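Since this is a predicted model, take the numbers as computed values, not measurements. In listed order, ligands and their atoms are each counted from 1. Worth knowing before you read on, the calculation uses all heavy atoms, side chains too, and leaves out hydrogens, waters and symmetry mates.
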Amino acid sequence: MTLKQELATLLGPKGWLTEDVQAFQTDWLKLQSHAPLGVARPANTAEVSDVMRLAHRAGVPVTPQGGNTSLCAGAVPGAEGHIILSLSRMNEIEQIDPNGFTAIAGAGVVLAQLHDAVATRDLMFPMHLGAEGSAQIGGLIATNAGGSHALRYGMMQDLVLGLEVVLPDGRIWNGLRPLIKDNAGYQLRRLFCGSEGTLGVVTRAALRLFPAPVSRATALLCVDDAPGLVRLGGHLRQGLGEFISALEFFCDDGLTMALKHVSGLDYPLESRSAQYVLVELSTSAGAVDLDGLLEAALGEAFEAGLVTDGAVAANETQRAAMWKLREEMPEGQRLEGPQIKHDVSVPVAELGRFIDTTAKELQRILPGVRLNPFGHLGDGNIHFNLTPPEGMEGFGDCKETLSRLIYEAAEASGGSFAAEHGLGRNKCAYADWLRSPVELDLMVRIKATVDPGGMMNPGVIVPERKEQE
Ligand SMILES: Cc1cc2nc3c(=O)[nH]c(=O)nc-3n(C[C@H](O)[C@H](O)[C@H](O)COP(=O)(O)OP(=O)(O)OC[C@H]3O[C@@H](n4cnc5c(N)ncnc54)[C@H](O)[C@@H]3O)c2cc1C
């Protein structure tokens, strides 16, 4: 039997697709698409193990796929004839423990599905991002997703307690222990967080939950300039401490594009400014007066000249409207036309200087380029996205120069050229020149140890050339 026939027999018509697979093979940004051998949709861990064993024996590469929302083409194969392994049928939430504050979820559980399920038990899973209606637990783990609440709750690696993983040869590692403290050797679960499908297939996860918030306070604030973002962020964190659950920022050019293109946006302030901060507090303790705390901190911020205008959301509708402004930054820019996206991070104290000096350099190289830096002020994560000057043709030809400039500037500031989206296929080559030989060597060795045949998502994280060296 051919591999195709074996997989068809093993998985049946629901679990092995060879037709109408365009949506699986094309990445979210529609930049990459290669026809696969087929799409495997196993229903349980045993079937994942069998798929991996058969693919391993036949020497056919496998790309695991969750919601396929990767912004760096990590979830689609880099060449024709590979297997796409979709986890979407493994979407069962097996357990929610309201006393231990843990859940056990299949890799294919969609993030919003988990939010809804735990909310019915007055619990919260604190990972929030724009793709939460599609992104799946396995994909979030494999990319070590960050999102807007990382400042308070950490990234996905901080929310994963235990994992079940199928290794490239089909063996199953059951590390599904719902423990905060588990120091029995190397932190294998952390190794798989951010491994982007290159070391194994995450099949189930034990996740950390928190009590659901009973109140929130949210404000949108005007700030004069990028260095002012850092000063305001520091002031708010000093005054409001652990109550801050999100501290986001965006700029006026991004706001202009969003207001121009996205319907249903409501800008609540009378004045505009160069930069904006969205701050949100939350608590699960009913006795805490969040509005009072926020107003006191904002009063001081106005007095110190850190804020020039601002509004506190008076109800849930206003709160949602403020968040929509922040969340529609990427959509507004997408609708404006071609763009080049960057996801970088710098130490928080450097964020203002980084934005200003990088903006100057970008303008020097390409006068009139429109800049839309926005993101997560609390953890220094900037989506430094660029739109061409009005009327310019051939913006794509400048990509390499502009991207290199941004990545080098981030690294020179003590930051990282890849913050929360990972490397995928798009950024893999940059690691060669932006990471030290020692760091690269460690990664190549880890890959070679866990996946000696280089069958798991080749071309992601470790360049294929290095895998073979
Ligand atoms: C509108 C939008 C907003 C976004 N906002 C954010 C944000 O704020 N923060 C952020 O961090 N990201 C963000 N992203 C990026 C993306 O949503 C995340 O990277 C997310 O974690 C991907 O989940 P997914 O299920 O779609 O994974 P996929 O895109 O399907 O896969 C991503 C990677 O994980 C691997 N993978 C998937 N499932 C498994 C598995 N079960 N086992 C092993 N490997 C697997 C894939 O091979 C691939 O390398 C955003 C994307 C969009 C489109």
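At a heavy-atom cutoff of 4.0 Å, ligand 1 is contacted by no atom of Met156, backbone or side chain. Contacts of Trp28 with ligand 1, taken as heavy-atom pairs under 4.0 Å, involve the side chain alone.
Donor-acceptor pairing under 3.5 Å is lacking for the side chains of Trp16 and Glu6. No hydrogens or angles considered: nothing links the side chains of His34 and Gln25 as a donor-acceptor pair under 3.5 Å. A donor atom on one side chain and an acceptor atom on the other are found under 3.5 Å apart for His342 and Ser403. There is a side-chain donor-acceptor pair under 3.5 Å between Glu280 and Thr218. Side-chain polar atoms of Asp27 and Asn68 form no donor-acceptor pair below 3.5 angstrom. The closest side-chain donor-acceptor pair between Glu164 and Thr45 falls under 3.5 angstrom. Under the 3.5 Å distance criterion, with hydrogens and angles disregarded, a donor-acceptor pair is assigned to the side chains of Glu420 and His376. For the residue pair Asn372/Gln333, the side-chain donor-acceptor check at 3.5 Å is satisfied. Side chain to side chain, Asn457 and Thr63 meet the donor-acceptor criterion of an N or O pair below 3.5 Å.
The nearest heavy-atom contact from the protein to atom 6 (C) of ligand 1 is Leu129 CB, 3.7 Å. The protein heavy atom nearest to atom 24 (P) of ligand 1 is Gly67 N, 3.4 Å. Nearest protein neighbour of atom 16 (C) of ligand 1, counting heavy atoms only, is Thr69 OG1, 3.2 Å. Considering only non-hydrogen protein atoms, atom 45 (C) of ligand 1 sits nearest to Ala142 CB, 3.4 Å. With hydrogens left out, the protein atom closest to atom 31 (O) of ligand 1 is Ala75 CB, 3.4 Å, a heavy atom. Nearest protein heavy-atom neighbour of atom 10 (C) of ligand 1: Glu420 CD, 3.5 Å. Annotation: atom 12 (N) of ligand 1 to nearest protein heavy atom, His421 CD2, 3.4 Å. At the shortest separation from atom 3 (C) of ligand 1 among protein heavy atoms lies Ala131 N, 3.7 Å.
At a 3.5 angstrom cut-off on N or O pairs, Gly66 counts as close to ligand 1. The distance criterion of under 3.5 Å between nitrogen or oxygen atoms is met by Glu196 with respect to ligand 1. Between Pro64 and ligand 1, a contact under 3.5 Å exists for at least one N or O pair. The shortest N/O to N/O separation between Gly146 and ligand 1 falls below 3.5 Å. Checked against a 3.5 angstrom limit, the closest N/O atoms of Thr143 and ligand 1 fall inside it. Between Ser70 and ligand 1, at least one N/O pair is under 3.5 Å apart. Annotation: Gln65 places no N or O atom under 3.5 Å from an N or O atom of ligand 1; distance criterion only. Below 3.5 Å of separation, one finds no N or O of Leu71 facing any N or O of ligand 1.
The closest approach between any non-hydrogen atom of Ser134 and ligand 1 is not below 4.0 Å. The closest approach between any non-hydrogen atom of Asn68 and ligand 1 is below 4.0 Å.
Heavy-atom proximity to Gly74, at under 4.0 Å, picks out these atoms of ligand 1: 46 (C), 47 (O), 48 (C), 49 (O). Which parts of ligand 1 touch Val201 is read off a 4.0 Å heavy-atom cut-off, strictly below it: atoms 42 (N), 43 (C). Each of the atoms 43 (C) of ligand 1 lies under 4.0 Å from some heavy atom of Gly200. Close approach to Gln136 involves these atoms of ligand 1, each under 4.0 Å from a residue heavy atom: 24 (P), 25 (O). Atoms of ligand 1 found under 4.0 Å from any heavy atom of Leu140, numbered from 1 in the order shown, are 20 (C), 21 (O), 23 (O). Remark: ligand 1 atoms within the under-4.0 Å shell around heavy atoms of Val202 are 40 (C), 41 (N), 42 (N), 43 (C). Near Asn457, with a cut-off below 4.0 Å to any heavy atom, the atoms of ligand 1 are 47 (O), 49 (O). Below 4.0 Å from some heavy atom of Ala145 lie the following atoms of ligand 1, by number and element: 11 (O), 21 (O).
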Derivation and outcome, side chain to side chain contact (heavy atoms under 4.5 Å, CB included), residues Met127 and Leu159: CA-CA 8 Å; Met127 174 58 57; Leu159 301 172; 3.9 Å; yes
Candidate pair Leu423 and Tyr430, rule side chain to side chain contact (heavy atoms under 4.5 Å, CB included), full reasoning: CA-CA 9 Å; Leu423 297 179; Tyr430 292 105; over 6 Å; no
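The pair Arg353-Asp356 does not meet the salt-bridge criterion, since no charged nitrogen lies less than 4.0 angstrom from a carboxylate oxygen. A salt bridge is defined here as a Lys NZ or Arg NE, NH1 or NH2 lying under 4.0 Å from an Asp or Glu carboxylate O, and Glu92 with Arg204 fails to meet this definition. A salt bridge links Glu316 with Arg319: the closest approach of a Lys/Arg side-chain nitrogen to an acidic carboxylate oxygen falls below 4.0 angstrom.
Between Phe249 and Phe374, the ring center distance fails the sub-6.0 Å criterion.
Between Tyr267 and Tyr276, the angle of the ring planes goes over 60°, which puts this pair in the perpendicular group of the 30/60° scheme.
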